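Below: the structure, in structure tokens.
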2 protein chains.
Amino acid sequence: MELVGSLVRLMHVLQDLYAETSRPLGLTPQQAHLLCVLLDGPLGMTELSRILSIERSSLTSMVDRLERRSLVARTTDPNDRRACQIALSDAGSDLAHEAHNAFTGRISALTDDLPATHRKQLIAAITGITERS
Amino acid sequence: MELVGSLVRLMHVLQDLYAETSRPLGLTPQQAHLLCVLLDGPLGMTELSRILSIERSSLTSMVDRLERRSLVARTTDPNDRRACQIALSDAGSDLAHEAHNAFTGRISALTDDLPATHRKQLIAAITGITERS
DNA sequence: TATTGTTATACTCTATAACTATA
DNA sequence: TATAGTTATAGAGTATAACAATA
């Protein structure tokens with residue numbers, strides 16, 4: 001099954017690229033991921049932990065570190081006094097956009113020579129894989 | 001550029017799957033990766049750190065932990081008294097095969113409904129991407 | 001001098017278990 | 001009772017800088 005090997009190699013290549021791209025921005029890959037997820041809007045801890053596939057207690061310390069750097073802020077949820085919403089600060093939003101653009105640029109450079117038809121097929125195949133997981 | 005988003009999602013899906021598969025074997029994803037790399041034969045620290053994309057000092061502690069569990073062993077390099085070779089023990093080899101088979105099974109399950117022609121195209125496209133990195 | 005690998009140190013990531021406050 | 005989030009703790013991953021031994 002050569003496809004499996006290809007996918008695993010691709011995962012590692014993208015992981016390395018993600019790490020190399022995050023580092024010069026002063027972010028770990030996990031921090032970059034968190035910030036980019038928040039680009040779609042604030043989220044509660046439970047929802048964010050689900051999206052990032054980490055325990056809530058692990059997320060607490062990640063958010064602590066990012067909040068100390070004023071990249072995110074916890075705000076209270078008016079509808080549920082137990083809950084909080086994690087939102088990007090202005091600086092966090094800028095950095096998240098910067099990271100997102102950097103990733104996009106780096107990955108585009110790997111794929112920009114694919115003809116449009118192959119590109120469409122590739123998107124369809126990958127989407128099929130990720131939707132089954 | 002929708003392709004970039006697809007690739008990033010794929011990376012995260014595969015990372016999660018890799019972690020979920022490693023855990024019940026008592027391995028972190030990084031440890032599983034290390035053991036699987038050694039399936040092709042013993043390697044020196046510098047070469048192994050290059051393959052895993054981590055610093056040699058980080059690798060030292062990883063190998064320490066695996067050696068404490070008797071999954072790998074350091075052997076001296078007869079040609080260079082500075083160097084060592086990291087090799088799988090019998091138990092480490094068994095576990096590496098088990099991990100490899102588990103990954104293969106899980107990823108196959110995501111891709112086994114692709115027709116052979118699409119599969120070939122997908123392998124070609126992915127190989128093109130990874131070879132450029 | 002250059003290379004191989006290690007040590008020391010400091011952070012970060014992560015999970016488990018126990019906890020508080022609110023629903 | 002159940003859920004949202006935190007705290008405490010422990011272990012693992014990682015990088016940087018300095019080092020020892022050998023090439």
Side-chain angles (χ1 to χ4, degrees), chain A residues 12 15-35 37-38 42-69 71-87 99, chain B residues 12 15-37 42-69 71-87 99:
Chain A
H12 286 127
Q15 276 179 332
D16 291 351
L17 183 151
Y18 214 82
E20 284 168 24
T21 307
S22 306
R23 172 113 50 129
L25 299 176
L27 296 172
T28 65
Q30 294 87 349
Q31 290 172 333
H33 190 194
L34 191 159
L35 295 182
V37 165
L38 291 181
L43 291 171
M45 294 293 283
T46 298
E47 178 68 357
L48 192 48
S49 73
R50 195 190 57 73
I51 293 173
L52 298 178
S53 303
I54 59 175
E55 293 295 321
R56 281 174 306 165
S57 60
S58 305
L59 182 57
T60 293
S61 41
M62 284 194 69
V63 170
D64 285 346
R65 285 186 286 273
L66 293 170
E67 195 170 33
R68 248 179 267 135
R69 294 167 61 182
L71 295 173
V72 303
R74 286 174 168 95
T75 58
T76 60
D77 184 329
N79 305 321
D80 187 339
R81 295 203 335 241
R82 294 171 303 180
C84 64
Q85 293 269 301
I86 314 301
Chain B
H12 285 128
Q15 275 179 332
D16 291 351
L17 183 151
Y18 215 82
E20 284 167 25
T21 308
S22 305
R23 172 112 50 132
L25 299 176
L27 296 172
T28 65
Q30 293 88 347
Q31 289 173 333
H33 190 194
L34 191 159
L35 295 182
C36 286
V37 165
L43 291 170
M45 294 294 283
T46 297
E47 179 67 357
L48 191 49
S49 72
R50 194 189 58 72
I51 294 172
L52 299 178
S53 303
I54 59 175
E55 293 295 321
R56 282 174 306 164
S57 61
S58 305
L59 181 57
T60 293
S61 40
M62 283 193 70
V63 170
D64 286 347
R65 284 185 285 273
L66 292 170
E67 195 169 33
R68 249 179 266 133
R69 295 167 62 183
L71 296 173
V72 304
R74 286 173 167 96
T75 58
T76 60
D77 183 330
N79 304 322
D80 186 340
R81 292 198 343 234
R82 295 172 303 182
C84 64
Q85 295 268 301
I86 315 300

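Computed from a prediction, not measured in an experiment: that's the story for all the values here.
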Fill in: Summary of salt bridge (charged side-chain N to carboxylate O under 4.0 Å, His left out) pairs that have at least one residue in residues 15-26 of chain B, sequence neighbours excluded
B/E20-B/R106
Reported [atom1]-to-[atom2] distance for the pair [X] and [Y], which is rounded to 0.5 angstrom:
X	Y	atom1	atom2	answer
B/Q85	B/E47	CD	CD	10.0 Å
A/I51	B/H12	CD1	NE2	11.5 Å
B/L59	B/L48	CG	CG	4.5 Å
B/L52	B/Q30	CG	CD	9.5 Å
B/R65	B/T28	CZ	OG1	8.0 Å

Just how far, in rounded Å, is [atom2] of [N] from [atom1] of [X]?
X	N	atom1	atom2	value
A/L43	D/dG5	CG	C1'	15 Å
B/D64	C/dT7	CG	P	7 Å
B/R50	C/dG5	CZ	P	13 Å
A/L35	C/dT12	CG	C1'	14 Å
A/R56	C/dA15	CZ	C1'	13 Å
B/D77	D/dT22	CG	P	13 Å
A/L52	C/dT14	CG	P	8 Å

Worksheet item: When you check the phosphate oxygens OP1 and OP2 of C/dT7, does a side-chain N or O of B/T60 lie under 4.0 Å from one of them?
Response: no
Look for any protein N or O under 3.5 Å of an N or O in nucleotides 20-23 of chain C and output each such pair with its distance, or none.
unit_1, atom_1, unit_2, atom_2, d
C/dT22, O2, A/R82, NH1, 3.3
C/dA23, OP1, A/R81, N, 3.0

Table of protein N/O atoms under 3.5 Å from nucleotides 11-14 of chain D N/O atoms:
unit_1, atom_1, unit_2, atom_2, d
D/dG13, OP1, B/T28, OG1, 2.5
D/dG13, OP2, B/R65, NE, 2.7
D/dG13, OP2, B/R65, NH2, 2.6
D/dG13, O3', B/Q30, NE2, 3.4

Practice prompt. May I ask you to test the B/M62-B/I54 pair for a side-chain heavy-atom distance under 4.5 Å?
Written response: yes
Discussion item. Quick one, A/T76 and A/R81 - any side-chain contact, counting heavy atoms below 4.5 Å?
Written reply: no
Worksheet entry | Side-chain donor/acceptor of B/Q31 to backbone N/O of B/L66, under 3.5 Å | no
